[in-house]
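Everything on this sheet refers to the single structure shown next.
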There are 2 protein chains.
Amino acid sequence: MMELTRKGDYAIRGIIYLAGQPPDKISLLSDIAAAVDVPQTFLAKIFQQFSKTGIVKSFRGTGGGFLLAGPPESISLLQVVEAVEGPILPNRCTLKQGECERDSFCTVHPVWMQVQQQVRGILAGITLKDLTSS
Amino acid sequence: MMELTRKGDYAIRGIIYLAGQPPDKISLLSDIAAAVDVPQTFLAKIFQQFSKTGIVKSFRGTGGGFLLAGPPESISLLQVVEAVEGPILPNRCTLKQGECERDSFCTVHPVWMQVQQQVRGILAGITLKDLTSS
DNA sequence: GGCAACAGGACTTGACAGGTCCTTTAGCAT
DNA sequence: ATGCTAAAGGACCTGTCAAGTCCTGTTGCC
């Protein structure tokens, strides 16, 4: 269980590549896709989501491409993952109270809350800088 | 991401019910299913898996049913979840080394390992006893 | 205007979640 | 022994979603 999807995996690969490029160097989608070995059309969707959530800047037309929206140390793995996978929710009931009518006597609820917090904590603590300085 | 499936959810409900019964009281599948509001045929599959992994004992025929294989404090939530959902793997590469050819330079790998360990740790620390004494 | 590049919608395919149904096997009771 | 009871297990169904593909915009340089 708990598996990251391919989309999430690709997303991480792609953004790490970007983070590894010289700052202000605009990268072509085709270059990124080739470098990280991901179908270009699929990666396009992923970077669209990145662009919408603002962790990446996009430029169209000749000389266009993608750029990290900020310095690598300002972008966390959590942001990247949640941008494409949606929020981290071990169980639907962790979304909001009253979601399940069993809430009142659901003794497992606090456990999932703890799992959620731990995982988010770990991912939030890793930045793109940590992932490129290998 | 990371969502528990319905199967996992049902599994937990069912086993908690069992753990809440008097020791040595054999419960009928039909009773469990009714009590925790899960389709009986589906719950049957789940308890078959429980039975195979040994966290539950089953008896056939008249007077048959299910029994917790040990005291509630001896069975962890991790056992329950992994029995029906399979092992907790944030990424395929956490299964074993060399799974992805990118392994050597995959800086994310240790992060997923940490996530996996944390989650397993939390779930392993919760027993059925903790979940019934509400 | 025309080419370069991302944006976004529509569509396809296969797998898997979430069940259902039916037959078989095991155990007790008469 | 035979019939009833209850779990075991296989076969099947259905809808959703992951994982892409493809085509048509839209934007921007030249």
Side-chain angles (χ1 to χ4, degrees), chain A residues 1-15 18 25-34 36-69 81 83-86 89-92, chain B residues 1-15 17-18 25-34 36-69 81 83-87 89-92:
Chain A
M1 69 166 294
M2 290 197 22
E3 271 187 62
L4 193 68
T5 64
R6 233 162 250 276
K7 184 150 105 178
D9 191 29
Y10 293 168
I12 295 171
R13 288 196 214 174
I15 201 90
L18 254 200
K25 195 216 153 187
I26 294 184
S27 299
L28 285 173
L29 185 64
S30 53
D31 289 348
I32 306 172
V36 300
D37 193 30
V38 170
Q40 184 177 336
T41 52
F42 194 30
L43 194 63
K45 304 292 186 191
I46 294 168
F47 270 73
Q48 278 171 34
Q49 288 186 260
F50 280 162
S51 181
K52 271 195 274 192
T53 57
I55 66 184
V56 135
K57 276 189 224 167
S58 74
F59 304 94
R60 306 220 250 196
T62 313
F66 294 94
L67 206 59
L68 225 53
V81 170
V84 297
E85 299 269 27
L89 298 171
N91 204 343
R92 322 176 211 325
Chain B
M1 70 167 291
M2 290 197 22
E3 271 188 59
L4 193 70
T5 63
R6 235 161 249 278
K7 184 149 103 176
D9 191 29
Y10 292 169
I12 294 171
R13 287 196 216 173
I15 202 89
Y17 174 87
L18 254 200
K25 194 215 154 187
I26 295 184
S27 299
L28 286 174
L29 185 64
S30 53
D31 288 348
I32 307 172
V36 300
D37 194 29
V38 170
Q40 182 178 336
T41 51
F42 194 30
L43 194 63
K45 304 294 183 188
I46 294 168
F47 271 73
Q48 277 172 35
Q49 288 185 259
F50 280 162
S51 181
K52 270 195 273 192
T53 57
I55 67 184
V56 135
K57 276 189 224 166
S58 74
F59 304 93
R60 305 218 248 194
T62 312
F66 294 94
L67 207 57
L68 225 53
V81 170
V84 297
E85 300 268 28
L89 298 171
N91 205 344
R92 324 178 209 325

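Residue numbers start from 1 in every chain, and the chains themselves are labelled A, B, ... in the order their sequence lines are given, proteins ahead of strands.
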A:Ser51 vs C:dC6: side-chain N/O to OP1/OP2 distance below 4.0 Å: no
Sugar-phosphate, base or nothing in reach of B:Phe47, heavy atoms under 4.0 Å: nothing
Separation of atom CD1 in A:Ile46 from atom P in D:dA18, rounded to whole Å: 12 Å
Donor-acceptor pair, side chain of B:Glu85 and main chain of B:Thr5, under 3.5 angstrom: yes
Given C:dC6, C:dC28, D:dA7, the nucleotide with the shortest approach to the side chain of A:Leu28: C:dC6
Spacing of A:Gln49 atom CD relative to D:dA18 atom P, expressed in whole Å: 11 Å
Sugar-phosphate, base or nothing in reach of B:Tyr10, heavy atoms under 4.0 Å: sugar-phosphate
Donor-acceptor contact below 3.5 Å, side chain B:Gln49 vs main chain B:Ala83: yes
Candidate nucleotides D:dG25, C:dA26, C:dA17, ranked by approach to the side chain of A:Arg60 - the nearest: D:dG25
Along DNA chain D (nearest heavy atom to each residue), the more 5'-positioned of B:Gln48 and A:Gly61: B:Gln48
d(CZ, B:Phe59; P, D:dA8) in whole Å: 11 Å
Integer-rounded Å distance: D:dC17 C1' and A:Glu85 CD: 12 Å
Phosphate-side-chain proximity, A:Ser58 and C:dA7, N/O vs OP1/OP2 below 4.0 Å: yes
Integer-rounded Å distance: D:dC17 C1' and A:Phe42 CZ: 11 Å
Polar pair under 3.5 Å, donor/acceptor by atom type, side chain B:Lys45, base C:dG18: no
Touch class at under 4.0 angstrom, heavy-atom based, for B:Thr41 against every strand present: base
First of A:Pro39 and B:Phe66 reached from the 5' end of DNA chain D, by closest nucleotide: B:Phe66
Side-chain touch A:Arg13/A:Asp37, heavy atoms, less than 4.5 angstrom: yes
Closest nucleotide among D:dG20, C:dA7, D:dA6 to the A:Arg6 side chain: D:dG20
Interatomic distance, B:Tyr10 atom OH to B:Ile46 atom CD1 [nearest 0.5 angstrom]: 8.0 Å
4.5 Å side-chain heavy-atom contact, B:Ser58 and B:Phe47: no
Nucleotide D:dC22, atom C1' - distance to CD of A:Gln40 in whole Å: 13 Å
Integer-rounded Å distance: C:dG27 P and B:Ile26 CD1: 12 Å
Value in whole Å for how far the P atom of C:dG8 lies from CZ of A:Phe50: 15 Å
